[in-house]
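Taking it in order: structure first as structure tokens, then the write-up.
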Amino acid sequence: MIMDRRHVLMGLGGTAALAMLGMSSGATAKQVGAVGLQLFTVRDVFEKDPVGTLEKIARIGYREVEFGGGGYDTMDHAMLRRTLDRLGLKAPSVHIPYPMLTDRFDAAVTMAKTLGAETVILPWLPDEQRTEAGFEPVLRNLDPLAKRLRAAGLGFAYHNHDFEFTGRSKGVRLYDRLIAETDPTLVKFELDLYWAAHAGADLPGLVKKLGRRLYSFHVKDMRADRSMAAVGTGTIDFAALFRLPSAAGVRHFFVENDEAPAPYFPDIATSYRNLAALRF
């Protein structure tokens, strides 16, 4: 059972962190809120049938979705919002690529608000911006971008992959520079637990370091061979992470599996059941 898998918290220092967790009187149970789905997981079927896909997601029990991939940016956003409302779904955040945020800012804001989002997530950076030279101007632009979004009534958060932990700039991990060199009141973080674990990051230490800057978790599991898996079928001890006091402010838990096998819905149903079981 995922609730008892305490020997496999991924990341450097995981064993020591678990020992500390067990001894700490301040480590209280973390109740997972509404379980969400990052729609990139079902991008192929969503692009072909967005309404039918959202209906199936709602029937599984999901109450939140996060837009990303599947061609949602070119769809009728008012229609998508009406569908969400009809199904009792909310979209608290939306992934918007960096070029759209910089080159089509007003359109990005209109899209996010029409979908009902309160927070814009920067989902990824292309290869040329993952180098030391390419990363620098992006880093410098995050605070100004977040200020513009705040003025428009939207929050901002950064979603990681693994390169932020394996790449270096000025001798420092890119992720550490993101934390240290952005305004904590403006730039929050959507922590993708799989990618951080894949890079060998100390997950408990990372959750503790981010603390109040944690906006949401991307909850995807990792098999022993480091491939992606449905939540609760891999090696990451989500229960231990969600119990950490520094995770107490997180309100959004988005299931994601970039490699979910078709037809996708059995995989995301398994993830839903296992993540919902963490309501303790």
Side-chain angles (χ1 to χ4, degrees), residues 33-125 142 145-160 186-192 214-220 250-258 260 264-265 268 271-272 275:
V35 176
L37 178 72
Q38 163 53 244
L39 291 173
F40 187 77
T41 306
V42 293
R43 56 196 177 277
D44 295 341
V45 291
F46 181 80
E47 187 166 14
K48 296 174 183 176
D49 182 12
V51 172
T53 300
L54 290 172
E55 289 173 342
K56 291 178 181 178
I57 289 168
R59 282 199 294 271
I60 289 171
Y62 287 97
R63 288 298 171 261
E64 292 186 346
V65 294
E66 183 176 62
F67 284 92
Y72 85 92
D73 55 319
T74 61
M75 293 180 181
D76 182 339
H77 301 127
M79 178 275 294
L80 290 174
R81 176 65 179 278
R82 289 193 300 271
T83 303
L84 295 178
D85 292 344
R86 173 172 63 83
L87 296 172
L89 292 170
K90 294 183 181 297
S93 52
V94 57
H95 280 199
I96 300 181
Y98 188 71
M100 185 174 187
L101 289 173
T102 55
D103 301 340
R104 299 173 56 215
F105 180 82
D106 290 342
V109 167
T110 298
M111 179 175 68
K113 288 190 169 184
T114 302
L115 292 170
E118 299 174 350
T119 297
V120 167
I121 311 291
L122 178 59
W124 66 287
L125 295 175
L142 292 186
L145 181 59
K147 286 181 181 178
R148 291 183 70 192
L149 286 167
R150 175 175 285 186
L154 293 165
F156 176 74
Y158 183 98
H159 167 270
N160 65 280
L186 291 171
V187 179
K188 307 301 181 183
F189 291 89
E190 179 170 71
L191 180 57
D192 189 306
L214 277 170
Y215 167 74
S216 60
F217 286 119
H218 265 197
V219 189
K220 64 178 79 167
V250 179
R251 292 292 176 265
H252 305 292
F253 298 75
F254 293 110
V255 165
E256 185 181 33
N257 185 352
D258 308 13
Y264 310 115
F265 298 102
I268 65 172
S271 289
Y272 173 81
L275 184 52

| In Å and rounded to the nearest 0.5 Å, what is the CZ to CG distance from R59 to L54? | 11.0 Å
| field | NZ-CG distance between K147 and L186, expressed to the nearest 0.5 angstrom | value | 6.5 Å
| query | Can you tell if the side chain of N257 reaches within under 4.5 Å of the side chain of Y264, non-hydrogen atoms only? | reply | no
| field | Pairwise distance CD1(I268) to CD1(I60) - rounded to 0.5 angstrom | value | 3.5 Å
| Flag if over 12 foreign heavy atoms under 6.0 Å of CZ, R104 | no
| query | To the nearest 0.5 Å, what is the distance between OH (Y158) and CH2 (W124)? | reply | 11.0 Å
| Nearest heavy-atom neighbours spanning L214 and F217 | CD1-CZ, 4.0 Å
| field | Least distance between heavy atoms, D192 atom then N160 atom | value | N-OD1, 2.8 Å
| query | If every non-hydrogen atom of Y62 is compared with every non-hydrogen atom of G36, which pair is closest and at what distance? | reply | CE2-O, 3.3 Å
| field | Proximity of F46 and Y72 rings by center, below 6.0 Å | value | no
| Quick one: are D49 and V45 in side-chain contact, heavy atoms under 4.5 Å? | no
| message | Looking at E55, I want to see if its CD is surrounded by more than 12 non-hydrogen atoms of other residues, nucleotides or ligands under 6.0 Å. | response | yes
| request: Return the orientation label for the H95 and H218 ring planes: parallel under 30°, perpendicular over 60°, tilted otherwise. | output: parallel
| Do the charged groups of D85 and R81 touch, with an N to O distance under 4.0 Å? | yes
| task | Could you check I121, L115, I96 and say which one makes a side chain to side chain contact (heavy atoms under 4.5 Å, CB included) with F67? | result | L115
| message | Treating R43 as the side-chain partner and G68 as the backbone partner, does any N or O pair qualify as donor plus acceptor under 3.5 Å? | response | no
| message | If we check side chain to side chain donor-acceptor pair (under 3.5 Å) with S216, which of these qualifies: E190, H252, E66? | response | E190
| Minimal non-hydrogen separation, L122 against L142, with atom names | CD2-CD2, 4.0 Å
| Out of curiosity, T114 OG1 to R82 CZ, how far, rounded to the nearest 0.5 Å? | 11.0 Å
| task | Kindly give the heavy-atom pair with the smallest separation between A108 and L101, and that separation in Å. | result | CB-CD2, 4.0 Å
| Should the heavy atoms of other residues, nucleotides or ligands under 6.0 Å from NZ of K188 be counted, would the total exceed 12? | yes
| request: Test E64 against F254 for side chain to side chain contact (heavy atoms under 4.5 Å, CB included), laying out the working first. | output: CA-CA 8 Å; E64 292 186 346; F254 293 110; 4.1 Å; yes
| query | What distance do E256 atom CD and L39 atom CG have between them, rounded to the nearest 0.5 Å? | reply | 10.0 Å
| message | Please give me the minimum heavy-atom distance between V51 and R86, naming the atom from each residue. | response | CG1-NH2, 3.7 Å
| Side-chain heavy-atom pair L80, P50 within 4.5 angstrom cut-off | yes
